[in-house]
Amino acid sequence: LSRAQTPIHPFDPVLFEEFFHGSRLACARLITQIEDDPDSIPLIRDRLLPMQSGSIRIGITGPPGVGKSTVTATLARHATEAGHKTGIIAVDPSSPFTGGAFLGDRVRMQNLIGNQDVFIRSLASREGSGGLSPATPHVADVLDAFGFEWILIETVGVGQAELDVLTCTDIVIMVMQPGTGDVIQAMKAGIMEVGDIFLVNKCDLPGAELLVDSLHFIFRSGTQNHHRPVPPILTSSASNNTGIDVLYDHVTNVIQEFTASGRIDQKRRHRIEHDIRTALQDKLWKQFLACTNVDEQISQFARNLEENRLSPYPLIEDLFSRIKMITQNCSEDDSSA
Ligand SMILES: Nc1nc2c(ncn2[C@@H]2O[C@H](COP(=O)(O)OP(=O)(O)O)[C@@H](O)[C@H]2O)c(=O)[nH]1
Ligand SMILES: [Mg+2]
C-alpha cells in the first residue's frame with residue numbers, strides 16, 4: 001500500500017443507496033458525517049460526484065439582524081414556486097449548542113418546513129472568525145448531488161466570511177438595512193466589491209431611500225472598482241414578502257448573464273483550484289506535524305521570545321529544511337512504488 005493512498009473509510013453502503021433513492025434522512029446523515037469526520041469527505045464526494053449537475057450557489061451575506069434569514073426563506077419559496085428545488089445552508093455565528101440564533105432562523109424558515117422541494121441545514125461557523133464552516137462547500141456538493149438546483153448559503157457578513165462566501169458561491173447578494181450605517185461599515189471593511197446584487201431590506205423602516213441613494217452614489221462616484229458596472233440595487237421588506245419577487249427576477253437575470261459571460265465557469269474553476277490547494281496544504285501540514293515536534297518547537301520559541309529577543313527566521317529556515325527532507329523522502333517513496 002503506497003503512502004499516498006487514502007485509507008478507505010469504513011462506511012455504510014446502504015446510506016448511499018438510500019441517498020440515491022431520494023431519502024432526505026440519508027442526505028442529512030451524509031452531511032452530519034461530513035461535519036463530524038472530515039476524513040470521510042474524499043470518499044463521500046467521490047461517490048456523489050457523478051450525481052452532481054452544477055447547481056447554482058447563491059451567497060446571502062450582510063451584517064447580523066438585517067433580515068438575511070427572512071430574505072433567504074422568502075427567496076427559497078419564490079424559487080421553488082418557479083420550479084427550482086432549493087437547498088439552504090445557514091451558517092450560524094453562534095454555537096449550535098447554545099441554540100439561540102439557530103432556533104431563531106428555524107422560526108423564520110418555518111413556512112418552508114414540510115416543503116419537499118426545500119432542504120434546510122444549519123452549520124456551525126468556523127470558531128471565532130464568523131466565517132463559513134469548512135464543511136460548507138462539501139455540504140453544497142451533497143445538496144447538488146441530491147438534486148437541488150439552487151443552493152442558498154446564508155452567512156453572517158463579518159470579517160473572513162466575505163472572502164469565504166466568495167470562494168464557495170457563484171453569486172452574492174449583499175443585504176443591508178436602513179439606519180445602521182451598514183454602508184459605512186461595508187466600505188470600511190472593503191466588502192462592497194463582494195456583492196453582485198445589493199438588497200436594502202426593511203424598506204418599511206425610515207431611511208431606506210437614503211441608503212439606496214448612498215449606494216448609487218458610491219458606485220457612480222467610482223470609489224469602488226471603476227471597471228465594474230453598477231450592480232442592481234434593490235429594496236425589499238422580506239417579512240412582508242415585498243420586493244422578493246423582483247429580487248428573484250434579478251437573481252435569474254444575473255445567473256443568465258454570468259452563465260453567458262463564462263463567469264460562472266470561471267468561478268467553478270477557481271473553486272476547484274482552491275479546493276485542491278487547501279486539501280493539499282492540509283495534508284502537507286498534517287504530515288509535517290506528524291513527523292516532527294514542530295508545534296512544540298514553535299510554542300517553545302514563543303515562550304522564550306520575551307527573554308531572549310531571538311529572531312524567528314533561523315527557526316523557520318530550520319523547519320523549512322525539514323519539510324524539504326520530508327518531501328524528498330516522499331518523492332523517493334513514490335518513484336520506488
Ligand atoms: N421591519 C422589518 N423587519 C424585518 C424585515 N425582515 C426581517 N425583519 C426582522 O428582522 C429581524 C432579524 O431578521 P433575520 O432574518 O433573523 O436577520 P439575519 O440575522 O440577518 O438573518 C427579525 O425579527 C425579522 O422578523 C423587514 O423587511 N422589515
Ligand atoms: Mg440569520
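When a ligand or atom number is given, it counts from 1 through the structure's own listing order. For the single chain, residues carry numbers from 1 onward in sequence order.
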**Report entry** Residue that, paired with Asn201, satisfies side chain to side chain donor-acceptor pair (under 3.5 Å) out of Ser237, Ser239, Ser236
**Finding:** Ser236
**Report entry** Those atoms of ligand 1 less than 4.0 Å from some heavy atom in Lys68
**Finding:** 15 (O), 17 (O), 18 (P), 19 (O), 20 (O), 21 (O)
Requested in this report: Measure from the Mg ion (ligand 2) to every N/O/S atom of Glu154 and report the name of the nearest one.
Outcome: OE2
Requested in this report: Say whether Arg121 and Thr32, considering side chains only, have a donor N or O and an acceptor N or O under 3.5 Å apart.
Outcome: yes
Report task. Please determine if the Mg ion (ligand 2) has an N/O/S atom from Ser69 lying under 2.8 Å away. Result -> yes
Requested in this report: Between Asn201 and ligand 1, find which residue part has any heavy-atom pair under 4.0 Å and reply side chain, backbone, both or neither.
Outcome: side chain
Query raised in the report: Short list, please: which atoms of ligand 1 are under 4.0 Å from a heavy atom of Asp204?
Result: 1 (N), 2 (C), 26 (C), 27 (O), 28 (N)
**Report entry** Check: Leu319 and Arg322 side chains under 4.5 Å, non-hydrogen atoms
**Finding:** yes
**Report entry** ring-ring contact (aromatic ring centres under 6.0 Å, His included) partners for His84, two or more places apart
**Finding:** Trp150
Query raised in the report: Which atoms from ligand 1 have a heavy atom of Ser69 less than 4.0 Å away?
Result: 15 (O), 18 (P), 21 (O)
Requested in this report: For the pair Arg271 and Asp141, find out whether any cationic side-chain nitrogen is under 4.0 Å from an anionic carboxylate oxygen.
Outcome: no
Report task. Please say whether Leu205 places an N or O atom under 3.5 Å from an N or O atom belonging to ligand 1. Result -> no
Requested in this report: Can you measure from CG (Leu152) to CG (Leu75) and round to the nearest 0.5 angstrom?
Outcome: 5.5 Å
**Report entry** From NZ (Lys267) to CD1 (Ile264), nearest 0.5 Å
**Finding:** 8.5 Å
**Report entry** ligand 1 atoms in contact with Glu154 (distance to a heavy atom under 4.0 Å)
**Finding:** 21 (O)
Query - Test of proximity, Gly67 against ligand 1: N or O pairs below 3.5 Å - result: yes
Query raised in the report: Does an N or O from Ala238, backbone or side chain, lie closer than 3.5 Å to an N or O of ligand 1?
Result: yes
Query raised in the report: Heavy-atom distance under 4.5 Å between the side chains of Asp318 and Gln297, does that happen here?
Result: yes
Query raised in the report: Is the shortest N/O to N/O distance between Ser236 and ligand 1 below 3.5 Å?
Result: no
